[in-house]
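Below, chain A is the first sequence line, B the second, and so on; all start at residue 1.
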Amino acid sequence: MEEYLQPIFSEVVGTVAPEFSGAIQFETPQNPDHGDLSTNIAMLLAKELKKAPRILANEIVEKLRKDSEVIEGVEIAGPGFINIRFSRKYFQDALGAILSLGNAYGHSRKYEGMMTNLEWVSANPTGNLHAGHGRQVCLGAAIANLLEWTGYKVIREYYFNNAGNQMRNLARSTQVRYLQELGQEISLPEEGYHGAEIIGIAKELVLKFGDSLQNAEQSDFQKFAEEANFLRIKNTLTRLGIHHDIYFNENTLYESGAIEKIIAELKEKDLAYEKDGAVWLKLSEMGQEQDRVIVKSTGEPTYRLPDICYHKDKLSRGYDLVIDIFGADHIATIPDVLAALKALGFDSGKVKVVIHQMVTFLSGTEVIKFSKRSGSNYLLDELIDDVGADATKFFFNMRAVGSHLEFDVELAKEQSEKNPVYYVQYAHARIASILRFAQQQEINIQMLTKADLTVLVHPEEISLIKILHRFPSLILQTAEAFAPHHICEYLRQVAAQFHKFYHDCRMVGQPEPVQSARLALALATKQVLASGCSILGVTAPESM
RNA sequence: GUGCCCGUAGCUCAGUUGGAUAGAGCAUCAGCCUUCUAAGCUGAGGGUCGUUGGUUCGAGUCCAACCGGGCACACCA
């Protein structure tokens, strides 16, 4: 709609206000009585032209060269809004386009030829994914899908954090658990990993190797634990249908000498200095609050250094966009990394960081507590067991990333009308069922895409087409904002409008061409529901 | 104390780059199935958009201060 209006409005505005530059804004009014699209251009121009907004609006409307087949009406309203109403034919044609595009409907070529790297999950291989990880896991997967819909080639990456203290801790914890399994009186260090999965790994080691590892090196235990944990993490991701193209090992940064190199580079560019036996990054000269240590006096880097090094690596690979997804608890590290990259001469503007707020799990009204240390954590696997993969993915994407998320496990589990996942899926299954029924009545489903759509004039039919028509611009907007929660809300709207249409407009058994036209509308709705669900990774069932 | 996020209906939350009478789901109440899936539909009630100022034709949205909640502020990752 906007693409149609933009040029004809620009033309008129060009004659009325030649100095005006910039895009004319159109928006969908909240109140449908105000038309399909509305612009405030007359109000914006009123001031500099020193004319009353309504008079100016009148001038613009009179000069508008519009096709009456497309535009049904243009009205001036309120303080000077210009409201535009599109014709039935416009929407009927739009539905025809949806049907002929089929699966491709909603895909955009805006970012065709561009490549983005999205890195997410990246949980340390020190244990299983816990339920709280779920938000990041599902959010990243949806954003990756969304970006593909806009034309990006998306590289999905997992940063495998297998260096440093935590891994030594994991190694030691595994070793202790192993020795405990062999009956030795030895206790886990205070800061060790108390999770049950480490005991599981120890048991496996006993089964596999008996007591032959009693004198094994700690690094052997690290290798075993790392592999076992990573396998579990991957299994959990697989249950959600999520895969990564690249698994980037942190320790390759050390093995390749990249860490040494970047320290040298930072020193050489006078961005780092030595003090008290440690190497400090001059963050205070990069617009940050204070300098920070990047290499401890023990000679070991802090997390900042590999983070900077890793991002440098990603930027060097030539992506047009590098996306990180972090929980709010990692927020502190980001400005430092970006500042350092900028100081090293990289375009840090290419790095987009999506930060999501934390999650509270509820069972009804009761908060489910979990803590990694105590070992009584609620695992993502358990959450999937409880509510299923579809509800997991839908619920984690239901809220804006900046909002704290309350995940009601009882609600997600419930297979009822209260549960928004089933509401959306039910609409899809309902359409599938109707189409099956239609087929039994000897109606040719393949021919529906060629149906005569001019008989679609019922208000609920037009409303449904209008919603379906919004899909492509919704995808773009949602992708550019990294905000998949709009998809959830949109799917709910599509489902709701389909149910209204279903209620008012019988399909099968209507005289032709109404029967075919309505079934075609149902088919298009099914298509959009399935596409939207696929972005979230949620299945669109053929029956329920 | 400093930084980031949040404060909208009883509850959980939407609210496009500032727009017209602030929305949805759940919960509550009242209706609708001999006909394509009632896991559905229709209607009703429910609000000082945390508070106070400011910016302007116009503020839930932008700015400032304050109040309340979350997260983060290591030579931990």
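Donor-acceptor pairing under 3.5 Å, judged by distance alone, is absent between the side chain of A:S403 and the base of B:rC6. Residue-to-nucleotide contacts include no donor-acceptor pair under 3.5 Å from the side chain of A:E27 to the base of B:rU16. Judged by atom type and distance alone, A:N83 reaches the base of B:rA20 through a side-chain donor-acceptor pair under 3.5 Å. Taking only distance into account, the side chain of A:Y303 meets the base of B:rA77 through a donor-acceptor pair shorter than 3.5 Å. A donor-acceptor contact under 3.5 Å links the side chain of A:S38 to the base of B:rA20.
Distance noted for atom C1' between B:rG23 and B:rU52: 27 Å (whole Å). B:rC13 sits 15 Å from B:rG50 when the P atoms are compared, rounded to a whole Å. For the C1' atoms, the distance from B:rA59 to B:rC76 is 44 Å, rounded to whole Å. Between B:rU16 and B:rU61, the distance separating the two P atoms is 11 Å to the nearest Å. B:rG46 and B:rG58 are spaced 28 Å apart, taking the C1' atom of each and rounding to whole Å. The separation of B:rC41 from B:rU35, taken at their C1' atoms, amounts to 16 Å, rounded to a whole angstrom.
Both thresholds, 5.5 Å between centres and 30° between ring planes, are met by A:F81 relative to the base of B:rA20, so the two rings are stacked.
Residue contacts for A:G164: at a heavy-atom cut-off of 4.0 Å it reaches no nucleic acid atom on any strand shown. As judged by a 4.0 angstrom heavy-atom cut-off over every strand, A:P541 is placed among residues making no nucleic acid contact. A:E289 comes within contact range of the sugar-phosphate backbone alone, with a heavy-atom separation under 4.0 Å but no base atom that close. Among the protein residues, A:D329 comes within range of the sugar-phosphate backbone only, with heavy atoms under 4.0 Å from sugar or phosphate atoms but none that close to a base. At a threshold of 4.0 angstrom between heavy atoms, the contacts of A:T302 are confined to the sugar-phosphate backbone, with no base atom among them. Contact annotation for A:D276: base contact, defined as any heavy-atom pair under 4.0 Å involving a base atom. At the heavy-atom level, A:H499 lies under 4.0 Å from the strands shown only through sugar-phosphate atoms. Base engagement by A:Q25 is indicated by at least one non-hydrogen atom pair under 4.0 Å involving a base atom. In this structure, A:E542 reaches the bases: a heavy-atom distance under 4.0 Å links it to at least one base atom across the strands shown. A:C488 comes within 4.0 angstrom of no nucleic acid atom, judged by non-hydrogen atoms across all strands. Using a 4.0 Å heavy-atom distance criterion, A:A77 is classed as a base contact. Looking at heavy-atom distances under 4.0 Å, A:A429 makes contact with a base.
Note on A:D324 versus A:K352: no salt bridge recorded, every NZ/NE/NH1/NH2 to OD/OE distance being 4.0 Å or above. Ion pairing of A:R399 with A:E406 is absent here, as no side-chain N (NZ or NE/NH1/NH2) approaches a carboxylate O to less than 4.0 Å. A salt bridge links A:E489 and A:R492; the closest N-O separation between the charged side-chain nitrogens and carboxylate oxygens is under 4.0 Å.
Nucleotide B:rC73 forms a pair with B:rG1, judged by Watson-Crick or G-U wobble geometry with both contacts under 3.5 Å.
Closest contact between the side chain of A:F437 and the listed nucleotides B:rA77, B:rA20, B:rC36 involves B:rC36. Listed nucleotides B:rA20, B:rA27, B:rA77 differ in distance to A:K418; the shortest reach to its side chain belongs to B:rA27. When the nucleotides B:rA14, B:rA77, B:rC36 are ranked by their closest atom to the side chain of A:I434, B:rC36 comes out on top. Closest to the A:K296 side chain, of the nucleotides B:rC76, B:rU37, B:rG15, is B:rC76. Of the listed nucleotides (B:rG15, B:rA72, B:rC36), B:rG15 has the atom at the smallest distance from the side chain of A:H486. Considering only side-chain atoms of A:M43, the nucleotide from B:rU37, B:rU16, B:rG19 that sits closest is B:rG19. Distances from the side chain of A:V293 to the nucleotides B:rC75, B:rC71, B:rA14 place B:rC75 closest. Here the nucleotide nearest the side chain of A:R292, chosen from B:rA74, B:rU12, B:rG70, is B:rA74.
Taking the six-membered ring where the residue is Trp, A:Y159 and A:Y310 present parallel rings, their angle staying beneath 30° rather than reaching 60°.
The phosphate of B:rC41 has OP1 or OP2 within less than 4.0 Å of a side-chain N or O from A:Y423. Contact between the side-chain N/O atoms of A:H503 and the OP1/OP2 oxygens of B:rC33 is not found at any separation under 4.0 Å. Between A:K500 and the phosphate of B:rU42, there is a side-chain N or O to OP1/OP2 separation shorter than 4.0 Å. Residue A:H356 has no polar side-chain atom (N or O) positioned under 4.0 Å from OP1 or OP2 of B:rC5.
Contact annotation: the side chain of A:H499 never approaches that of A:Q497 to less than 4.5 Å [non-hydrogen atoms, C-beta and beyond].
The distance between atom CD of A:Q510 and atom C1' of B:rU35, rounded to the nearest whole Å, is 11 Å. Distance A:R399 CZ to B:rC6 C1': 14 Å, rounded to the nearest Å. Across the protein-nucleic acid pair, A:N165 atom CG and B:rC75 atom P stand 14 Å apart, rounded to whole Å. Put simply, CZ on A:F407 is 16 Å from P on B:rU12, counting in whole angstrom units.
Checking side-chain atoms of A:E414 against main-chain N and O of A:L411 turns up no donor-acceptor pair under 3.5 Å.
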Worked check of salt bridge (Lys or Arg N to Asp or Glu O under 4.0 Å) between A:K312 and A:D307: CA-CA 8 Å; A:K312 180 189 160 196; A:D307 271 10; over 6 Å; no
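Glycosidic conformation of B:rC41 is anti; the angle lies outside 90° of 0.
The side chain to side chain donor-acceptor pair (under 3.5 Å) analysis of residues 22-33 of chain A, with sequence neighbours excluded, yields no pairs.
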